[in-house]
Structure formats: structure tokens, C-alpha cells
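Take a look at the structure set out below.
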Amino acid sequence: MNYFKHFDGLALSILERMQAAGDLPDGIDFSRVSAGSPRDPAHGDVALNAAMVLAKQAGMKPRELATRIAASLAQHEDIESAEVAGPGFINIRAAASFWPARLAEILAAGRDYGASDIGAGRTVNVEYVSANPTGPLHVGHGRGAVFGDALAALLEKAGHTVVREYYVNDAGSQVDTLAQSALLRMREAQGEDIGEIPEGLYPGDYLKAVGIALAKLPDSEQTLDGARTVAVEMMMDSIREDLAAAGIKQDLFSSERALVEAGRVEAAVAALEAKGLVYVGVLEPPKGKLPDDWEARPQTLFRASEFGDDTDRPLKKSDGSWTYFATDIAYHFDKYERGSDTLIDVWGADHGGYVKRVAAAMQALTGKKDTLDVKLCQLVKLMRDGKPVIMSKRAGTFVTLREVIDEVGADVVRFMMLTRKNDAPLEFDLARALEQSRDNPVFYVQYAHARCRSVLRHAEEAGADVSVAGLAAADLGLLNDPEETSLVKQLASWPRMVEQAAEAHEPHRVAFFLQETAAAFHQLWNKGREDTTLRFIQEDAPELTKSRLALVSAVTTVIGSGLAVIGVEAAEEM
RNA sequence: GCACCCAUAGCUCAGCUGGAUAGAGCGCUGCCCUCCGAAGGCAGAGGUCGCAGGUUCGAAUCCUGCUGGGUGCACCA
């Protein structure tokens, strides 16, 4: 249960009753009424803004209205008190039984705790990674991969049906370059001295294996077409291995080539044409510094500027073939027509300039403004002990995702990639990621979980029943220390976190929530060092011990549930 | 020149879609191991939320204009 929504609902039903009784005018807008947490926990458990938001429409003073709402709220069995404070806040204190009930809920739900139905089964398509099949994944791809994967899991937890998709750019000139590079490696494999790899071809050693494979094929398949197929297949295999090593799961690998061959581009452009949004024209030269080879020429254009883009955009190249943009329109339209009403693309920040035109095309085709949400991931700066790791594609020393995973492990990579919001650059320090200290968020969260497990093991050795069923039988009302209640509140806010992070498409919030939860637990733990009556295991008080073990168990549940969204294993021991 | 993103403690960053006295970590100062894991925790110092306006009961958050940084800017993918 999202308990904020619960109290929100209580308030709304009171407001509706007041309206029915004529105490509030009809047609009043309740949509801005919402429950939040009070700045100071001493104020109560939940703060309600209803009176301040509605005062003007109701023609009443905020505090006056608040007093009346509060009086009704205080009647409810879940509410111990409702007090008016400040400019018109209603501070609600939940009934004594409320928090133990949340704890019981956590224990009963297990790892599913936090699941929500706000998605209502609607289908969301999350497209991520989609790296060109021309080489191994690098660290930047890794960020998008983790982000997309965690977002997909988050949306699923919030009740959406999710399609996790990878768009394979297996058509176009980059793949031709790949094929040519592979053919060169084939000649190398056949014993020819190929010397330096010419400028414009891919120099990476990873293509040697492709060359060897090509050399084994019959002559009839040692063509550009054959090389294209083999190279893309082998590159995708290696990418899939990298993804598997990172624990990234994708349901669908869509082929650009297949899309083009199925005539989807013509269909999408025809759909735009039917709306009168395609024409042949000459674009203004770009402002500022002009490309050397710029020349005015007539092109087939899409009226992107009518949908918020800066200029109209070409659909055809000068040789008459489709632009990448045209196939991309077709691809996005295809995803939409396959039944996803929301499309999320996870891109590198270097594609930022491309967002508007795709969004424009989607708006033109669907008539809706917000079907597409593009999440741009900023650069990952790889560090070691505070010093940047030198990355250079030219020198062949660029760091692959695989290398980083091999060094620090997939769990660490996944967590670290979510310690910044997607639109901020991320510094990833390889040394710090393995450090066992407060500095290292992955460790800190894992440590909290391991500590909990350790307590439960100790209790079990001492003969306590730490099974979920055993703990559920505990008298959870015995947990009345403020530190304990505040930890329960933290745990109980997980369902709301899931909903908010899912709505905002921001999986990093889960990583921060986990750190806060871990901190709340470590805090309580250390309280027990100073005040022995606060320790979880009280030998002379088995009932109290049981209820405290239930709390500890709930901590493992919530941390485990959060880590599952990120795709990180919860540690039993460190 | 234009578009998008960013600007919050000395440093690295959160900030619940507009709420009350803006929060963590690192660093600094002083503390806490006879103990279920000190691989942790407590307390203190540290802020004109880049600047200037605007919107309203209320702005770090929304709008406008600046300043400073990042990214990208015919037909490439």
C-alpha cells in the first residue's frame, strides 16, 4: 500500500462528503490535493495540503477550511490526530495500529512488496542499448543498458506490461564498412599481408575472428553481402554475451534491415504523406559555421517544424535512398502499432539533437504529444583512484563494458550506473567501487542487508523461529521506540517510491532510496550499541525479540525488493 | 549563431513533479567497540539553491532574460 495515497483517499472522501453537504462549492478541483511527508517528523506522519490548495475555490481562509477537514479526518480509525499547522497544513498522525499493519504487509508480500497497479497493464516499450553491431559494448553503452533494464523492471513493478527492445542497425553504410573491414580480415586469415588497416575501416582486433569465419565459407559467400550477414551475426552474438555478463535481459532484437525489407519505411512515409506533411523543398543553410561541402539542393522533407522541431527534416538522401531518420520514423511507428502506447528510448547524450525530430514525427503520426519519452544518458567518466582512465578508440585502449564487469563485477557496475540521474555525467571510480566503506554505496547497502541476515542467523541459532510465518505471529505493536517506527515508515514508503520513480522514468531514485533505507537501519543498529535495550535480540524478552526480528526481516525484504529492481543480488554475508 | 541538458555546503551529489527551519557522503572538529558485524554510528562547524525579474497563500522546483559549463547541429548512422 502506498500509504500517502491511502490518506489522500481518506481526505478526498471527506471533501466529497463536505461537497455533498453543501459545505464546499460544486465543480471544485480536487486534483492538486496531495499527501506528503512533513518536513519535521515531529509534526506527524503525513502532511496534507488540501486546505491551502482549495481555500480560494472554496472562498474560505486556508486555516479555517483546514480546521474543518481536520475535524472529520480525526474521526477515522486509521488516524490518531489531525492538526492544523503553519499556513494551513493538516498534519496527520496515524493510529497506533497503522505502522504494525504496514510491517505485516511487508512480511506477507515478500520481495513483491512495493508492486503497484498504477500501470494498469498498459504496455510500455523500453528500447535500450541498440548499439551498432560494429564492435563490443563500451562503458557508455553499459550505462544505457543498466538504466533501461532498471527502468523496465521498475515499470513492470508499477504494473505495466513492458517490452524490452534492442534495435539492431544492421542496414546502412556503417554495416557496409563493417563488411569491408571483415573481408579485409578474411584475406588476412587466408595468409595475405594486409598491412595497416586503411582509414575509414574498423581497426579493432575483434574482427579477426570474423575474418577467420569468413575464410572458412565457400567462395560464393565470401561477398560483401555474405560478410555483412556473418559480421552482424557475430557482432550481435558478442554483444549478447556482454549483455548477459551484465545481467541485462532484452525480449526483442528488432532488425532495421527486416523493417526496411518489409516496406515499413514506405508505409510510414505514406502515412505522413496522407497527412500532407511530406514535400520536396530546399532547406535553409545551417546558421553559423557552414560545412565545407554544403550546397543547396531539393530534398524530400518532413514538416517537423510544425511539431516543435527547429526545421523540416530530410527523408531521402540525394541518391534517392531513405535517410536514417526515415527508417527511424518507421521503426518508432512500428513499435507504436505493435501495441505500446508509451515508447521510451534510452540514448547517449550525443544524440540529443535528434530527439525533437523523432518526437515530432511521432506526434504527427499518432496525434498524441507524449507517446515518446527519450531518456538521454550523459557520459561515463571512468576513473581509478580519482584519476581518469585514458580512453582512446584510435589507440585501441577504449575500455569495454566487459573489461569493467570482469574487474568489479556486474552487481557493482549496475548499482554504480544508477548513482546519478541519467542527465548528469557520471564518474565511475573503479577503485572506489570495490572499497568496503561508507564511501561506496553498493557496499553500504549490501552491508545493511548482510547485517540483517546476520542478526536473523544468530537468532535462529539461539532457537528463534525466523520464518515469515513465525515472525508474522509476532506482536508488532511492541515496536514503539521512535527509532523503530521511523525505520518502519522508511520501509513503508517503498511502494510510493516505486510509483513516483516509475512515473518519472527515473530508476536512479531506487538506488538513492536503498541508501537511505540502509542508513536508517545502520542508525538503529548503532543505537543498540549505546542502549542495550534497543538491541534486536533480547534474551529475557522473547516476544519483543520476535517483533524486532520481524522488523529486521522486513528490512531485508525491502532492500531485496529494491535491489531486484536494479538487478543486484542481495548479499547474505560480506 | 541555434537547439537540448546542467548549475544546490570547500568537494561529489540528493531533493518525493509547488510546501513548513534546503538534506546526505567526503573533508574538518570532538566523541562511541566487555556488545547481534566499528566494513558502522553520534554531535558540531559549513548555504544570498549561478544572477535578475515574474507567476501565487508558498519557488531550489514553474515562466522570461542574462552568466558560466557540457552535448549536438544539411543528405552520415
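Everything quoted here is computed from the prediction, not taken from an experiment. In what follows, chains are A, B, ... by sequence order, proteins preceding strands, each numbered from 1.
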Touch class at under 4.0 angstrom, heavy-atom based, for A:Glu435 against every strand present: nothing
Show the atom names and distances, to 0.1 Å, of all donor-acceptor pairs under 3.5 Å that link a side chain in residues 416-428 of chain A to residues at least two apart or in another chain.
| unit_1 | atom_1 | unit_2 | atom_2 | d |
| --- | --- | --- | --- | --- |
| A:Thr419 | OG1 | A:Met416 | O | 2.6 |
| A:Asn422 | ND2 | A:Leu376 | O | 2.9 |

Sugar-phosphate, base or nothing in reach of A:Arg420, heavy atoms under 4.0 Å: sugar-phosphate
Contact letters for nucleotides 64-70 of chain B, in which S counts primed atoms plus P, OP1 and OP2 and B counts the base, heavy atoms under 4.0 Å: -------
Syn/anti label of B:C33 as read from its glycosidic torsion, with the cut at 90° from 0: syn
A:Lys5 and A:Glu499 ion-paired at < 4.0 Å: yes
Sugar-phosphate, base or nothing in reach of A:Ser318, heavy atoms under 4.0 Å: base
Sugar-phosphate, base or nothing in reach of A:Glu573, heavy atoms under 4.0 Å: base
Nearest-nucleotide comparison on RNA chain B, the residue closer to the 5′ end among A:His351 and A:Asn49: A:Asn49
Nucleotide B:C4, atom C1' - distance to CG of A:Asp423 in whole Å: 11 Å
Mate of B:U48 where both pairing distances stay under 3.5 Å, Watson-Crick or G-U: none
Contact under 4.0 Å: A:Lys56 side-chain N or O vs B:C57 OP1/OP2: yes
Sugar-phosphate, base or nothing in reach of A:Ala504, heavy atoms under 4.0 Å: base
Chi-based syn or anti call at B:U17, which uses purine or pyrimidine torsion atoms and a 90° bound: syn
Touch class at under 4.0 angstrom, heavy-atom based, for A:Pro62 against every strand present: nothing
Euclidean distance for C1', B:U56 against B:C62 (whole angstrom): 11 Å
Candidates B:U17, B:C75, B:G19 - which lies nearest the side chain of A:Thr323: B:C75
Pairing partner of B:G10 (Watson-Crick or G-U wobble, both distances under 3.5 Å): B:C26
Spacing between A:Phe325 atom CZ and B:C73 atom P, to the nearest angstrom: 15 Å
Sugar-phosphate, base or nothing in reach of A:Ser454, heavy atoms under 4.0 Å: base
Parallel, tilted or perpendicular: ring planes of A:Phe307 versus A:Phe302, cut at 30 and 60 degrees: parallel
Touch class at under 4.0 angstrom, heavy-atom based, for A:Ser37 against every strand present: base
Sugar-phosphate only, base, or nothing, as touched by A:Ile537 at under 4.0 Å among non-hydrogen atoms: base
Touch class at under 4.0 angstrom, heavy-atom based, for A:Arg32 against every strand present: base
B:A77 OP1/OP2 closer than 4.0 Å to side-chain N/O of A:Lys317: yes
Same-atom distance (P) from B:C75 to B:A60, integer angstrom: 42 Å
Steps toward side chain to side chain donor-acceptor pair (under 3.5 Å) verdict (A:His522, A:Arg451): CA-CA 9 Å; A:His522 287 307; A:Arg451 254 184 169 174; 2.9 Å; yes
Spacing of OG1 belonging to A:Thr342 relative to CG belonging to A:Leu372, to within rounding of 0.5 Å: 10.0 Å
Touch class at under 4.0 angstrom, heavy-atom based, for A:Asn91 against every strand present: base
Short side-chain N/O contact from A:Lys421 to OP1 or OP2 of B:G15, under 4.0 Å: yes
Rounded interatomic separation in angstrom, taking CZ from A:Phe89 and P from B:G18: 14 Å
Distance test, side-chain N/O of A:Arg438 to OP1/OP2 of B:G41, below 4.0 Å: yes
Contact under 4.0 Å: A:Tyr444 side-chain N or O vs B:G41 OP1/OP2: yes
Results of side-chain hydrogen bond (donor to acceptor under 3.5 Å, both in side chains) for A:Glu256 - residues two or more places apart only: A:Asn169
Atom P, compared across B:A59 and B:C42: separation rounded to whole Å: 32 Å
Side-chain N,O (A:His43) to OP1/OP2 (B:G19) below 4.0 Å: no
Identified pairing partner of B:C62, criterion: Watson-Crick or G-U wobble below 3.5 Å: B:G54
Quiz item: A:Asp439 side-chain donor-acceptor pair to B:G25 base, under 3.5 Å: no
Polar side-chain contact A:Arg297-B:A74 base: donor and acceptor under 3.5 Å: yes
Closest listed nucleotide, where the reference is the side chain of A:Ala424 and the choices are B:C75, B:A14, B:G40: B:A14
Watson-Crick or G-U counterpart of B:A3, or none if no pair lies under 3.5 Å: B:U71
P-based separation of B:G58 from B:U21 [nearest Å]: 13 Å
Touch class at under 4.0 angstrom, heavy-atom based, for A:Ala85 against every strand present: base
A:Phe536 and A:His458 aromatic centres sub-6.0 Å: no
Atom pair distance, as rounded to whole Å: CG in A:Leu524 and P in B:C42: 11 Å
Sugar-phosphate, base or nothing in reach of A:Tyr324, heavy atoms under 4.0 Å: base
Whether A:Tyr354 and A:Phe325 hold their rings parallel, tilted or perpendicular, with breakpoints at 30° and 60°: perpendicular
Touch class at under 4.0 angstrom, heavy-atom based, for A:His508 against every strand present: sugar-phosphate
Distance, C1' atom - from B:C6 to B:G72, rounded to whole angstrom: 15 Å
Under-4.0 Å salt bridge between A:Asp345 and A:Lys335: yes
Rounded distance in Å - CZ (A:Arg432) to P (B:G25): 14 Å
Interatomic distance at P, B:G19 relative to B:U61, whole Å: 11 Å
Polar contact flag, side-chain donor to acceptor under 3.5 angstrom, A:Ser454-A:Glu573: no
Whole-Å gap separating P (B:U56) and CG (A:Leu54): 18 Å
Nearest-Å distance once atom P is located in both B:U17 and B:C36: 42 Å
For B:U34, the Watson-Crick or wobble counterpart (both distances under 3.5 Å): none
Shortest non-hydrogen contact between A:Val445 and A:Ala518, atoms and distance: CA-CB, 4.0 Å
Residues, nucleotides or ligands: over 12 heavy atoms within 6.0 Å of A:Glu569 CD: no
Proximal nucleotide (of B:C4, B:A74, B:U17) relative to the A:Gln500 side chain: B:U17
Rounded distance in Å between the P positions of B:C57 and B:G50: 25 Å
Residue met sooner reading RNA chain B from 5', once A:Ser321 and A:Gly353 are mapped to nucleotides: A:Gly353
Paired nucleotide for B:U21 [Watson-Crick or G-U wobble; both distances under 3.5 Å]: none
